[in-house]
Amino acid sequence: MKKSMKILSVIALSAVLLSACGGPEDRAAAYVDKGRDLLESRNYLKARLEIRNALQIQEDNIGAWLLLAHVQERLKDYESAFGSYNKILGLDENQTDALVGRGRIYLAARQLDNAKKDAEKAVALAPQHSDVVLLQAGIAAAEKRADEALPLARQALEADADNHRARVFLALLLVGDKRFEDAESLLDAGIELEPRETDLWQAKAVVHGASGDGEKQVEVLRKLTELQPDDVKPLHLLVASLRSQKRIEEAETLLRDRLAGHPNEAETGVLLANLLIGSKEDRTQQDRAFSDLIGEYTEINELRSLRVKWLLGYKDIDGAKAELNSMIRDFGTEGAGLSARKQLAGLLLAEGDREGGAALIAEVLKENPRDGDALIGRAAMSLTAKDIDAAIADLRVVLADRPASQQANDLIVRAYLAKGEAEQAADQLARYIENAPQERDPYIALSELYAKLDRQDESERVLARLLSAQPKDVFALRRLSELALLRNDLVDALQRAEQLRDIYPEKPEGYYAVGVVYSASGAHDEAAEMFIRALEIQPDAIEPLTSLVRTRIVQDRIDLAKRELEQRIAADANHFVAQNLLGELLRREGSLEDSLSYFARASEINKGWVIPYINSVDVLKSQNKEQEALALLERSKKATGGSSIIALQLAAMREQLGDRLGAIREYEELLASTPDAMDAANNLAVLLTQGDAEDMKLDRAYRLAKRFERSRNPLYRNTLGWVLFLRGDLDASIPHLEYAANNESKLGELQYHLGAAYAKVGRTTDAKARIERALALNQSFYGVENAREILRAL
């Protein structure tokens with residue numbers, strides 16, 4: 001026996017020496033082989049470690065990276081898997097498995113355009129590859145092309161009977177068709193081939209759940225817990241199934257058995273609490289159950305956090321605060337104590353106790369300066385206090401650690417806009433979409449921001465990307481139709497509008513959108529039919545009725561329009577839209593006093609609606625009643641809660657009446673509440689460049705105008721260029737002034753500004769031509785006398 005042991009020791013020592021003498025490739029290969037064995041035995045954590053060892057030796061080992069990506073996907077660490085696939089494609093852009101893997105993750109994130117690109121490239125490389133075909137099937141299913149998805153999924157499985165992804169996907173498609181027996185047979189065949197493949201068992205549980213066979217679902221989930229004894233998720237799925245069947249005692253027993261062996265497992269403890277609390281009839285019984293559980297499982301701090309949430313559900317704010325204060329005393333600066341401080345800070349801030357909330361947040365940040373939740377709380381307070389730079393600094397730290405934090409993203413976008421940095425806000429939204437492509441609102445916010453920045457093509461691309469991920473999105477379809485109209489593409493506009501109408505025939509939006517396109521193309525009879533159809537669905541809709549009246553005017557059927565409006569008012573005296581529109585028709589006919597009465601009636605019914613106030617102001621101005629118009633704008637500003645449209649009108653009115661300081665004050669107030677109000681920023685910047693030298697505020701004007709650096713609006717670019725000119729930065733000013741003058745060539749002031757800049761840099765001939773053109777176009781623009789002086793000097 002001793003001799004045998006000695007021989008084994010020599011063999012072991014030889015193996016070590018041989019390994020040590022081997023080159024980097026051999027050592028890396030050994031790690032990869034071990035990682036592959038661990039993957040096959042489903043020991044994913046250890047497999048990941050071994051493969052990373054290989055990559056430390058050989059960073060460009062594509063096989064190791066591919067194996068690591070597969071392990072990461074098994075661990076559902078899709079962000080890391082995505083990074084691994086990108087690394088592989090950086091080393092070899094034609095790696096089919098990496099293209100398919102990345103495409104699969106794009107598909108799961110609903111980034112269909114990117115998924116399609118990877119799929120197309122993979123098809124070109126390996127059209128019969130099972131996973132390639134399966135990716136095509138997944139894209140077809142995501143685009144609701146079930147007639148294509150099903151045969152593709154079958155083709156993928158036929159190409160590789162061991163492809164459990166294809167088998168599961170095909171089974172789920174069959175479930176969607178309610179072919180439960182076929183789906184179960186398909187999965188059973190896979191289980192017979194690979195009885196320990198957990199994805200197949202999970203899919204089988206889904207089949208039984210969808211078919212309503214709860215008993216069989218429980219049976220399958222019990223098997224799954226046996227296959228994955230260390231993974232708590234199958235147990236929780238089993239508990240959820242039992243709970244849905246009102247088998248509370250069985251579920252409770254399973255959870256308590258699990259906790260007996262894992263007394264600190266917070267996820268299971270919380271699940272047990274939710275199970276028991278949900279089964280109690282009143283608050284007293286629930287409170288007793290909480291107390292018993294907290295006393296029994298003392299190491300699961302999350303139970304106390306859950307109790308706080310439960311108290312808040314009953315609106316017991318004082319009880320929640322008391323529990324949080326108790327947690328702070330018990331846990332001090334441990335994790336649970338810091339979490340309690342953050343939650344209590346939120347409650348105090350909601351009550352207006354800024355000092356108390358700030359103190360708690362400071363305690364958290366003293367222990368952990370990068371605590372994301374605390375930094376977000378402090379940033380929110382900084383924004384309220386107008387300390388925008390401090391808010392941005394904190395939020396940048398959060399986003400560096402948590403780039404997909406929606407709360408941090410929303411706050412920093414608000415901060416950039418409050419600072420007048422719309423381009424930075426747009427860039428931040430674009431970055432956030434890359435990190436959280438499944439969120440809908442950021443796409444819409446970014447598309448609208450691009451539109452305000454006059455970057456319509458980028459606005460359209462963002463919406464197209466949203467529509468790729470969510471093909472039935474109402475906003476995206478309608479807005480894309482509108483943007484197509486802006487670029488005069490009637491075919492695309494009509495296609496988008498009809499798509500919206502056909503997807504949602506029960507909603508007015510599609511009919512209205514189709515009507516708008518018909519109207520733009522001159523098909524006014526057809527447009528009227530669409531607007532009427534939209535109003536049949538929603539009689540009080542503003543846009544279809546307004547567009548119908550506009551169409552009647554174009555058709556020269558004003559009497560019909562008046563009758564239609566009178567009929568609506570007779571049916572509903574509070575139909576404020578009809579009241580306003582009838583006032584507009586009367587104004588067209590010259591019945592100004594009658595129109596004012598209808599506008600006033602519309603405003604009485606809906607005090608917050610802007611349009612009738614604006615209409616009334618226009619009538620008063622046409623009657624040379626400027627002071628009455630000004631007074632009405634002041635009243636309507638209050639009535640509409642500070643509407644930006646009213647505020648713009650009010651500022652312009654003050655400017656028209658010679659109250660420059662009053663206009664500046666109105667614009668500043670508007671920008672304080674609506675930082676991304678581009679027209680207000682432009683108009684204010686212009687005002688600040690006018691008057692005597694002591695009246696000019698060029699630094700403030702520049703801070704306002706620099707947001708227009710990439711704008712495609714000639715007036716905005718002219719403002720920026722003129723501000724730069726007045727500040728003496730001629731080289732920077734001329735490109736903006738040239739853009740403005742060349743794209744809005746009929747405005748004399750823009751030609752004068754460019755001519756003045758040319759004169760300043762010695763381009764005499766160009767300067768003379770521009771100023772002569774300016775004076776030929778218009779003799780009343782601001783600065784016309786200066787233009788004449790420059791021309792005489794030339």
Side-chain angles (χ1 to χ4, degrees), residues 379-380 382-392 395-396 399 406-433 439-463 466 475 479 482-483 486 610 637 640-652 663-688 699-720 723 736:
S382 296
L383 270 179
T384 302
K386 308 295 184 185
D387 190 352
I388 297 171
D389 288 336
I392 290 173
L395 293 166
R396 281 176 174 164
L399 288 165
Q406 181 177 356
Q407 193 176 8
N409 176 75
D410 291 347
L411 284 173
I412 202 168
V413 167
R414 276 178 48 199
Y416 282 135
L417 292 175
K419 199 176 179 183
E421 296 180 348
E423 294 290 350
Q424 287 87 338
D427 290 344
Q428 173 57 41
L429 280 167
R431 283 193 298 273
Y432 179 73
I433 287 171
E439 298 289 341
R440 173 181 182 266
D441 291 345
Y443 290 95
I444 293 174
L446 181 57
S447 71
E448 294 298 276
L449 188 50
Y450 278 148
K452 287 181 180 179
L453 292 168
D454 294 296
R455 294 160 62 180
Q456 304 295 350
D457 52 345
E458 290 173 89
S459 176
E460 195 165 353
R461 278 198 295 271
V462 170
L463 290 171
L466 169 60
F475 179 88
R479 189 74 179 112
E482 293 170 350
L483 289 170
L486 285 177
V610 168
K637 180 182 174 183
T640 59
S643 159
S644 60
I645 298 174
I646 296 291
L648 276 171
Q649 291 268 338
L650 182 55
I664 289 173
R665 186 176 62 251
E666 293 291 349
Y667 284 130
E668 291 284 16
E669 185 179 320
L670 172 56
L671 287 167
S673 61
T674 313
D676 60 339
M678 298 297 175
D679 286 343
N682 180 71
N683 295 351
L684 177 56
V686 170
L687 273 179
L688 294 175
D699 288 344
R700 172 63 174 148
Y702 175 68
R703 289 197 300 274
L704 290 164
K706 68 179 181 179
R707 70 184 70 187
F708 304 140
E709 191 168 12
R710 292 161 63 187
S711 173
R712 296 179 185 177
N713 185 317
L715 298 180
Y716 293 172
R717 291 286 287 278
N718 172 72
T719 300
L720 175 57
V723 170
H736 296 294

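Each residue takes its place number in the sequence, starting with 1. What you see is a predicted model, and the numbers here were worked out from it, not measured in a lab.
Between V723 and A705, the shortest heavy-atom distance links the atoms CG2-CB, 4.4 Å. Between S643 and V610, the shortest heavy-atom distance links the atoms OG-CG2, 3.2 Å. When all heavy atoms are compared, the tightest approach of L417 to P675 is O-CB, 2.5 Å. When every heavy atom of A451 is checked against every heavy atom of Q456, the shortest pair comes out as O-NE2, 3.5 Å. Here the shortest heavy-atom pairing between S447 and S459 reads O-OG, 2.8 Å. Of all the heavy atoms in L453 and A422, the pair that sits closest is CD2-CB, 3.8 Å.
Taking the side chain as every heavy atom from C-beta outward, D457 and R712 approach each other to under 4.5 Å. No side-chain heavy atom of E668 sits less than 4.5 Å from a side-chain heavy atom of R665. Between H736 and F708 the shortest side-chain heavy-atom distance does not fall below 4.5 Å. You'll find the side chain of L648 reaches within 4.5 Å of the side chain of N683, heavy atoms only. Residues Y443 and I433 have side chains in contact (heavy-atom distance under 4.5 Å, counting atoms from C-beta outward).
Atom OH of Y450 sits about 7.0 Å away from atom CZ of R710, to the nearest 0.5 Å. Going from atom OG1 of T719 over to atom CG of N682 covers 3.5 Å, rounded to the nearest 0.5 Å. To the nearest 0.5 angstrom, K419 atom NZ is 14.5 Å from K386 atom NZ. Within the model, atoms OH of Y716 and CG of L704 stand 12.5 Å from one another, a figure rounded to the nearest 0.5 Å. Here the CG atom belonging to L720 is positioned 11.5 Å from the CZ atom belonging to R707, to the nearest 0.5 angstrom. Interatomic distance, Y416 OH to Q428 CD, rounded to the nearest 0.5 Å: 6.0 Å.
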- Query: Can you list the steps and then say if R455 with E423 is a side chain to side chain contact (heavy atoms under 4.5 Å, CB included)?
  - Reply: CA-CA 11 Å; R455 294 160 62 180; E423 294 290 350; 2.3 Å; yes
- Carefully, step by step, assess D679 and K452 under the rule salt bridge (charged side-chain N to carboxylate O under 4.0 Å, His left out). CA-CA 9 Å; D679 286 343; K452 287 181 180 179; over 6 Å; no
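For R717 and D454, the salt-bridge test fails: no basic side-chain N is under 4.0 Å from an acidic carboxylate O. We find that R479 and E460 are not joined by a salt bridge, their nearest charged nitrogen and carboxylate oxygen being 4.0 Å or further apart. The pair R703-E421 does not count as a salt bridge, with every side-chain nitrogen at least 4.0 angstrom from each carboxylate oxygen.
Within a 6.0 Å sphere centred on CD of Q407, heavy atoms belonging to other residues, nucleotides or ligands number 12 at most. Heavy atoms of other residues, nucleotides or ligands lying less than 6.0 angstrom from CD of E709 number 12 at most. Heavy atoms of other residues, nucleotides or ligands lying less than 6.0 angstrom from OH of Y702 number 12 at most. Heavy-atom neighbours of I444 CD1 from other residues, nucleotides or ligands within 6.0 Å: above the threshold of 12.
No donor-acceptor pair under 3.5 Å is formed between the side chain of T674 and the backbone N or O of D676.
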